[in-house]
Structure formats: structure tokens, C-alpha cells
Amino acid sequence: MQSYILRFSVNCKVNFYLFYTVIARKYDEAISLFSRRLLRSYLTRNDEIICRPTYLTVSLVIISALTFLFTSSLAQQTPSEDDYYQIITLPTPEDVLLEVGGLTTLPDGRIALCTRRGDVFIVENPNMYEGTLPRYVRFATGLHEPLGLTYRDNALYTAQRGELTKLTDTNGDDKADRYETIYQWPLSGHYHEYSYGPKFLPDGSMMVTGNVAFGSEEWWRGESRVPWRGWTMRITPEGEMTPWATGMRSPCGLGIVDGEFFYTENQGDWMGSGGVWHITEGSFSGHPAGLAWAENENSPIDLTEQEFYAQIDMRQVKKNGRYVKPENIADEEDPDFLFEASKTFPEIKLPAAWLPHGILGISNSEILVDESEGEFGPFSGQLLVGDQGQSKIMRVSLEKVKGEYQGVAFDFRAGFQSGVLRMTWGGDGSLYVGETNRGWGSAGTQNAGLERLVWTGKTPFEMQTVRAKPDGFTIHFTQPIDKKSAEDLNAYSGRSFIYKYHAVYGSPTVNDETLKVTGVKVAEDGKSVRVKVDNLRQYYIHEIIATGIKSAESGHSLLHPTAYYTLNNIPDGEKLPANEWVTTRLKETSQSTTKRITPQAAITTPDDPNVNTAAPTYADIEPLLVKNTCTACHQAEQRQVGPAFKDVAKRKYSDEKIVELIYNPQPQNWPDYTPMAPMPQVPKEEALQIAKWINSLDD
Amino acid sequence: MESLSLDNLSAFQEQGGNWMVVGSVTVDPNTDIHQKESASEKTKKKKKKKSKKSEDTSSHQGPVHYEAGTGILLNMNDETKKDHLLTTFEHGDILLELEVMMPKGSNSGIYLQGRYEIQLLDSWGVKSPRYGDIGGIYRNWEEEPGKIYMGKAPLTNAAKAPGLWQSMKIAFQAPKFDESGNKIANARFVHVDLNGERIHENVEVPLPTGGPVENNEVARGPIMIQGDHGPVAFRNIKYRLMKESDVALSDISYKVYETASTNIDSLINAQPVQEGVINQLTTDLPEVDDDFTVVYEGNFTTPEAGTYQFKMNYMGRAQLKVGGEAKTELGNFDGYKVQNDLTLELSAGETPFRLVYLKETPQWDTQIGLFSTDSYPRPLHNPNAYQPDIPETGPIYVKVTDEPRMLRAFLDYEGDQSQRLTHTIGVGEPSGAHFVYNLTTGTPVCVWRGEFLNATPMWYRRGDGSFRPRGAVQYLFPSTSLANLSDANAPFPTQLNEAGDWQSNGYRIDTETGSPIFLHQNGRKTLEDRIRADENGKMLTRTLTLTEGEPMGETYLKLAEGENIQSMPDGSYSIDQQYFIRPTSSESVMVRTVNQKQELVAPLQSSSFAYSIIW
């Protein structure tokens, strides 16, 4: 575009009025003033200018140039996450490897962290006052992959692989000299038996969770070989342990919300997607491995493995004398759902908020409540949830409906340099983020690290929260919305869906139904809108996309326009009468910026000899990759969560084989990566195009 | 492996009489062989009380005491009788295993082919071993430039204390000569292990070492054991003679079929997509990539009829038919890194073979290798068809610098994953003596000297949560060491990872030394467990102190267990002649037999008890 300007000398007189309208930013008016007729006659599509050098032409061209520059910068002014929350990386000395497993805050503003290689460091000056370096003091060493750290009363508590340990510095030299075993639990020695925690309950006891192991021949099936793998344990500082709940598979993130214990689960066998669970004593969150110990003396769970498998299919299949991994059944007639199972097994606890796999993370980690009372932005009281695979943080806002927690989840901040595993608050309202990705890979450029997230003080235009209503939802915003954009039913879209409850690794979304949005009512103060949805379905995840809504002040769209509400209960109460709803739909011109992508009609018929059968280009394929969420985990050149497409191409699969693998991925083909979930929802023609493009990368 | 009989000396050539076959040997580790006779006379008197008078059945010389019998080869040289010992057999390529016991200050050596010496010496406690220390490849004494060989030091000092059995494993490859007798390949130690630790990795010996039977290099020679430098004992000598064969593959043709199919017979009648003739077994053929079957046909050629050994390594499925008979099976699914060991009867000249190789797992490499294994593996295939795996990453080591270092992880007891201990901690001391302690059972589980730990198994990618000690590891025993017993004969808990009544309470750090002090609790009683190395790293001393509560005699400590616990003149106990336990006070220590095993046990009767582990 700069070429337009360069071709003209500066001597031209510019139409003052045009210039004024440009300055006044009334672009629409300025353009409409001249563009349609005159611009078209004087400017061509390619960069050559054919125009008479009148001042009018000149000013037109300058207007266009300025407009372009302004609109580009306007486009640059479309806010990004970085405008509201900035990521600062803490530098570390060469010999300090921070594969962070635990992170906590000390009363004097220092941060303490533990690493997967067994060290505990205290970080002095973590907020790098006046640009000075943070300092790392090795407080303790030699622990067995500790995956949690909490400070309490002059001691640090950590869950190692095999015990809950209390670390104390008795002589004040900033080195732990007492490594006290609070409680030791059994281990079978399987690599996957990670243990996490602790987090303190208000009564001073601690919560610790533990991963399952996996079978030898049935390597995909989680199993609990020794007590209490796949369980949550409650342990007092005096070392008394009570088994608290089971159903855990990979309970990496622990959090205390309203004094209650919550945890995040990771997608895997029996777990269709990750999510946030509220766990009370005697809960069963879904993975049956831990039921092996249900009959132990102090177990609060009555449900046994036999009782469970009498109702739910174990999917144990032998082929040629060997057990084979169960696969997702395409077009399954009557799949099981966790909510259905909960009617047979009252111990089952549904997640308070599903975090749809691939969209809101793939290996959910730490839960941390924003207790900053406004110092960290407009989300006080809400939950931040980390993700180790997509190296980002999501946001969850909960409410209680009919006595149970449920709520909504959003994206919050992406772009961390490695997988987000742990978080803790700095004394100044900033957030410290501990990272590692060893063993599973992640988005980002690093394998480990410590970063800090700081609120810039500017309030982002976001859905602050979503509340369930008897007839739909109320969306609350962080800033007043533009009424006109909100009163257009076309501004809202979405669907509801659910995951299967089966022994297969992960689940596609099933029973998808487009949301029937039939009315809206904007509140007086413009800070919320009630949305009428006619096809609410209890237990389903409701995806609400509000791309059409604009901020009243800035005219921007929402920073994160998509919300996922887990509707475990539909509240009772008054439905709004019909006459209170606005039901207008504006013309589809000002459509959502996330276009409803339709694959191009570039799928050629093989008969036509003139047709170019070359592989699609990246430009062709990018919309498909985005629409089908491939880009959540893959990139063309670099490993992210999944292998680079270029590396997939090196395997020299046929196009058809790639399509097969999209529908039924084989994680054993990529042993050092987080397993890929089956994606049967990708239409066959699109999958074939994607496969063709992937294979073209290996030429 | 063949056992070399030690019922008598018939496996060896005639010698001056310093070598003999005996039934048992006990060596006093504190007496040097060079000490004057008078010092040893005193200890001899103690011994004489126990031993029978007859000179046939037992005898005693310096620190060495032996009893008549068979199974142990013993050298007791003096000024007149000091011959080396030579085997009657001669060898080329050989695998040799033996156990050796060195008295203090003694010196011997094992000469492969009578020409290439692996040194035997009492090198206990040497920090930086040289070619002249135990396990070293000795130098020669030539002076002419070009003929001097300076020997090679062992990679680490894996020596144990005098008076203990030490295991050695030698894989040796003889020098190779052409038809004119010119040497075309040096003699080579393919690997040498001492006490389970690798001390030479694929090292050539370009010249004979000092004092060979003859100063030349040959295809075959006897084993020679040095007998003029001091007493030395051997047992459990095993060997395998190997000779590389001339077998080769020839006249190879191939046919490639479109898909992987186990129905070979139907395939044979189908039309191959590619076929041809090759001069070496190769996978670099068109159409051989992810889903294929290739059928090779050709001949084994060998000048002599006989039995030949092979191994076949591949990814996928393979079937070898020799002379029409199938020697391996195809199976129903692709195998990952399969190895088939084969023994084939081949006739002189040509024996036809058919090799079917197929694979349908695209992400696994296409690999098939056929090796002649009459001696060390010799490839019969083109290198592109099969290469052994190259390690993907360098190891991740944990080192000890100037203060003690700790690391908790799983430990596979005796390297056996089915005996995985789950609550163990490795402690490395700057003096170079390290140990692993089982926090659940209160037991030091194993000890070693040298480098500290290899943490690659736990810190590379996801890891398996375990580490490996680096060095010659002496395993003690894995089960409970500290328990309350109902009486002096009650057994200790025996399950792996099973605790007794004493509960582990973690440890605290001794602020002066930086070493851990392990803490155990039983009701109101607290026990502190300290394990410290001496400055040479030659022993670890364990001190248990009751800091709270009164000792009431019901708490017992197991110091050792084994088949045969022997008390020694200095108050220590030899545990199967593998390591020594020396209690500081011998008062309450007793040897008892439980479940056909001997145990060294002591009740904790005072508030402190200490003993040393010497190895």
C-alpha cells in the first residue's frame, strides 16, 4: 500500500474536508464520500495507479493510504491478550533447571518452587525490582519428583512420589535440615504413579492425589495396583490418612475453592475430556481403577469393581490371542454417559465444569482462585486453571445450582513458553507460573521455566461470567455492551454436546445440537444480557459464541468470544414472559469474525483431465485445520502438543491411512507425545484434503 | 559356558607344585602377605586351636588359611616353587568367567593366550587406578620405540577388600592373520567386567603384555595365570571357546510382493512387483518400505559341513527356511526388535535357504540382519539392512562434589525390576563411598565406591522413576533390618517394601557434615540411624542411637544375612566371603539360622549400637 504514497510528490494540495474526516476518524463517512464512484474509476486492483494528477485524485489516494494505514493500525488496535496481561520470563542461571512441579508463596514475598528433579528453590526478588535479577537459593534436594509445594507455619509441605514430606529449616540458613515423613503410601514402581499436592483444607488437613498405573499387556488401561492409586487422600499434619474419594485417573491439579476441595482430571481412558471436579468425601469421579480398594476398611466408597462392570462394559477384547486397545465406535447407537451412570451409581460426581478437550486445554493442571480482590483484573473469585499441553491458562466461573457447583469456562491467556503446571500469587497481585513439558511435549518454545503474568491495569472486554437461567443464560460482561449489537440474535451461536463415558482413550463430542437462541434481553446498565435458549439440555456442555457483541465504548468484539457452560442442573425459577424478549435478527452482513467456514469447492472430480490434481496449498487448507481444531495441537514445521505435520509426512502414510488415523489415532506411534483423541467428527472429504496436504510436505 | 573342573589339576600343565586344589580358603584381610612370619605366627596360634592337626586337611601360611577339598584353585608360592599355571587347552576367541580372592598385598594376573595380561592386584581403596591395578591391561617391558605398550587403566577401580571373592568376566577376541600369516587385526578385549562393573569397553591390545609365554602373536594360545608374585585363589572358572567361521551368503535373488502377507504359499504364486539379483542381503530395494513382503533365496556357503550358530534381528516378521525346513515362525503380528537365535546344520559347499521378511507397521524401521555367531557377531548382511541401535541420548549423571548428595528414587535390587524397592534414597559421600537406604525398612540396601548415580532412567523423558548406582555394587539385603521381635529366634518381616513396627520418620541433616540422619519411631521411642564413610571410602559405619525412650531388648537389628556367616579373627564376620560386618562391640551380636539362611543379629540393649560394613 505504501506504493500509492510513494508515487506522488508531497506538493499536492489535499482536500481539507477529507483530511478532517480522516483525522476525526470518521472513516466510514470519508470513504463513502468518495470511494464507490471515484476510487473505482481511478484505482486499479494491482498496484499500478492510473489516475489524473488532480488534487482530488491525490487526496483520494492519500485518503485511501491513510485509511489503510489507520485501519491496519486499527486492526493492530484490535486488542490481544497481551494488552491486558503481560508475560515476563524469569531468567535462571545455566545450572538451574526449573521443571516446576510445585509453586507456593512465602510470607516475605519470596516464591518457593520444587522441581521434578527433586530440588526446592526459594526465589528471591521474583518480581525483578528495577530490573534486577531474581536469586535462586537451593533450599532442599534429593526428593523423588515432588509435584506440589505449599508453605504453612514456617515449613514447606510437598508430595513426593511415595510420601508427604514436611521440610523445615531449623537453624535459619535457608537450607532444609529436617525432611519429615508425614505419611508414606505404597507404590508399585510403575512410572505413571505420580503423586500431587498437598493443598490445605481450612481445618488444617492436607489433600493429596495419586495417578493410576497402567497394565502390562493392556497398556492403555489404567489400573490401581496398590492402595491408594487413583484416589484422593486426606492427611493430617500428624500423619493420619483417610482415603477421601476415588475415580481419579491423572489428577494433576488441586485447588481449594470456598474451602472445598476441587481437582482437574486429564483426558484418557474413561475420561472423555479434562475438566474441573468438586470432590466431597465418598465421591467417585469416574475412572474405575481405584474401586479395587473400595472394600478396604476405611474406604468411604461402597461401589466395587464387580458392581461397576456388571453395568458398564469394560471393553476388553482379544484378537489373535492378544488383548487389543478398544477404539471409539463410530455412530454408536447407545453410548454410556457419565450422567446416566450417576443415576445407577450415586457415588458418581459430575464435573463442575468440563474443559472441552483440544479447545480448553488437553492436560489440565493447577486450579488457583483469584483472591486479589481486583488487583489482577475483573475476575476476582473466579478460578484460573492451567494447561500443560497447550501452555495456557483458562478461566472458570462457578455458581451453585440446586446445591451443586457448576459453571462456565473460557480461554484466558495463552502463549506461555512451556506447559503450565503450577501457579501461585505474588504478593503484588501478579501471578507466577511454573512450567514443564518433559515426557509429553507442549506448545511453546521451551521445555521448562518460571514466568510471571502481570495485569496491565486495563480491563479487557470479556464475558465476565455466564449464569444459568430456567430458560437460558445470562451473560455478564466486564464492560457495557453496545445494545444494538447485543439485540441481534445473529450475534449468538453455539451448540450443546456431551462426551461418552467409555473405556476408550478420550471421546469425540457427541449428540451435537445447535443452540436455538430465540430471544435476548439487554439489561438497563448494558452490562449483561439474558439469552433465551429453547433447547437447553441438562448435563450437556453448552457452547455459547457471542462474536457479534461489541463493546459500547470501543466497538471491539469480545477478547474471548466463546464460553462453555456445563449445565448439570437447570435452575428453577421464573422464565421471562414472551414480550420481554427481543427477537430481531439483523442482516447477515456484519457477521461473526470467525466465519462459518465452508470447505472450498476445490474438491475436483477425478474425471476431468484438465483439473489440477496437485495437493492443496496451505492457504486452501488453513481454514480446515482451524475449523477441525487441528491447529490446537499441530503446526506444519515445529512440534507442539502433537508432532509437526512435516514429521507426520515423513512416515509416508497413504492419504487414506492418514484419514484412518484422524478417526482412530494410534498413540503408540508417537510414544513421547500426549495421545491424540479420536476425531470422527471431521468430514471425510476434509480429512482427505488435509491428508493430501500433509503428504505434500514431504517432497 | 563350560565349567573348568577343579576336582584336580588335570586341566592344567605340569608345574612346580605351588598350585593346588583345595576345598575352602579363608584370608585374614588385615595381614599383608609381605609381613614377617612372626606376626602371622600369633594369629596362627589362634587358628591352631580350631584346626585339626593333620597337615593334609588344612594349613595356614601368612594370612591364608585353607582346608582340603576340591573346587578352589590356590597358589601358595615360595622362593623355590613359583611357577605360572597354564591350561592344557589353547584358545582363540573366548568368553571367560571366574572368581578370584586376593590376599592383602598380593599380585597375580590372567594372560589370555598366555600373552595379554589382565592384572590381578589388591587395589582396595585406590582412588585413581592405573594399568597395574586390578583389572588393568598390563604394559610390556620393551624399550625399542614402536614396540612399547603402556597398558590401559581400568575405567574405574572396582576392587573389593582382600579376603573377598571378586567376579571377573572377560570377552576376548584373538588377533587375526591372513593366509601368509600377517596380522590383519589386533587382539581385543571386547569387554571386561569386574564385580559387575564394566572396566574395559572394546579395547585393542596391539602387542603382547609383559612376561608372555612367547613374545609373538598367534591364533591360539593357553590361558596362563601368574604364580610368582603371591598367594591367590580362584573358583567357578567357566569358559566358552569360540571360533569365527567362514560361512557366507551367496547367489542371493529377491522378489518383492505388494503387501505384507503371512500366507506365503499364496504369495509365492503371485506376481512380484520387483525382483532381481543382489550380492548381499539388503533392504535397499524398490517397493520395500511400509507394507511389503520380500522373499530372498540363496545359499549358505561354507567349506566344511557342521553346526553353525546364527542370530537374526529384525522388525516385523521373518521366516528362514534352510534346506526346505522352516527354522523360525512368522507369527500373527509384527514383532518389535525381534531376535531369533539359530543353530543350523550346513553341508560342505552350498546349502540353499529362503528368507521371507515382511512388515506392515509403517512407523517401525525396515530392518533385517543376519549374523554368524560362532564367535562375536559377524554380519552377513549389508549395513543398510540392519544396524544396532545407537543410544539416543547421553547419560544424565548425578555427581558428588564437596558435600554429601542425596536423591530419592526407585531401586531395582540386584538390577532386577521384579525386586523394585520404592522408598529408597541414594546418599553420596565426598569420600567416594555411597549407599542406598530403604526408608521403609530402615535398611542400607547396597554400597559402592566411585561415581555416584546414573539418573537417566528417571530424568530422560517420562522416565521410569528409578536410578542406577555407578560402580561395582555390593548388595546387602533388601528386607527389614529394624524390627521388634517376640524373641531372639523370631523371624524378621521378609516382604520387599514391608515395614516392621518401626515407622520411618524421614531424616534430618547433620549440619556439620551435611549427611542425613535417618529417624525411626516406635510409639514414643525414637531411633537415629547414621551411616558414615571413612575418609578412604573403604567402609561405612552405621550407628544407631536411641534418643528417646528406653531400650527394652525387644528391638532387634539384622546386620546381615547369607548362606554362610563366618567369624574372623579380628572380631568381624564374613558374609559369604562377599563383604565383612564388624560390630564395634561383639557383645550382643549372634549368628542364627532362620528359614535355612544365616543371619547376623543383635538386640538393641543399650542406647547406642554401631557396626561397619567393609567391602
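Below, read A as the first sequence line, B as the second, and so on, with proteins coming before strands; counting in each chain starts at 1. As the structure is a computational prediction, the values presented were derived from the model and not from experiment.
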Answer with side chain, backbone, both or neither: which region of [X] has an atom nearer than 4.5 Å to a non-hydrogen atom of chain B?
| X | value |
| --- | --- |
| A/Ser188 | backbone |
| A/Arg161 | side chain |
| A/Tyr183 | neither |
| A/Gln160 | side chain |

(request) Report the C-alpha separation of B/Asp291 and A/Lys657 in whole Å, then their side-chain angles, then the decisive distance to 0.1 Å, and conclude whether the side-chain contact (heavy atoms from CB on, under 4.5 Å) test is met. (result) CA-CA 12 Å; B/Asp291 190 9; A/Lys657 184 79 188 184; over 6 Å; no
(message) Are more than 12 heavy atoms, taken from residues, nucleotides or ligands other than B/Gln503, located less than 6.0 Å from that residue's CD atom?
(response)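 Atom CD in B/Gln503 is not crowded, with 12 or fewer foreign heavy atoms closer than 6.0 Å.
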(message) Between A/His144 (side chain only) and B/Gly465 (backbone N and O only), is there a donor and an acceptor less than 3.5 Å apart?
(response)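 Between the backbone of B/Gly465 and the side chain of A/His144 there is a qualifying donor-acceptor contact (under 3.5 Å).
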(message) Check whether B/Arg461 reaches the backbone of A/Gly439 with its side chain - one donor and one acceptor, N or O, closer than 3.5 Å.
(response)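 Judged by distance alone, no pair lies under 3.5 Å.
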Minimum heavy-atom distance [X]-[Y], with the two atoms named:
| X | Y | result |
| --- | --- | --- |
| B/Thr422 | A/Leu187 | CG2-O, 3.5 Å |
| A/Trp185 | B/His423 | O-NE2, 2.9 Å |
| B/Met458 | A/Arg438 | O-NH1, 3.5 Å |
| A/Tyr191 | B/Asp464 | CB-CA, 3.6 Å |

Close side-chain approach of [X] to [Y], heavy-atom, < 4.5 Å:
| X | Y | answer |
| --- | --- | --- |
| B/Phe333 | A/Lys319 | no |
| A/Thr181 | B/His520 | no |
| A/Arg116 | B/Trp459 | no |
| B/Leu439 | A/Gln184 | yes |

(message) Return the CD1 to CG distance between B/Ile509 and A/Asp169, rounded to the nearest 0.5 Å.
(response)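 Those atoms lie 11.5 Å apart.
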(request) Below 4.5 Å from any heavy atom of chain A, which atoms of B/Leu421 appear? Answer side chain, backbone, both or neither. (result)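 When you check distances to chain A, no heavy atom of B/Leu421 falls under 4.5 Å.
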(request) Heavy-atom distances under 4.5 Å only: say whether B/Thr440 touches chain A with side chain, backbone, both or neither. (result)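 Its backbone and side chain both get close to chain A.
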(request) Would you sort out whether B/Leu519 and A/Glu180 count as a side-chain contact (heavy atoms from CB on, under 4.5 Å), showing the intermediate values? (result) CA-CA 9 Å; B/Leu519 302 163; A/Glu180 188 180 334; over 6 Å; no
(message) With chain A as the partner, which of B/Arg462, B/Arg508, B/Gln521 has the greatest number of non-hydrogen pairs under 4.5 Å?
(response)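 Of the options given, most contacts go to B/Arg462.
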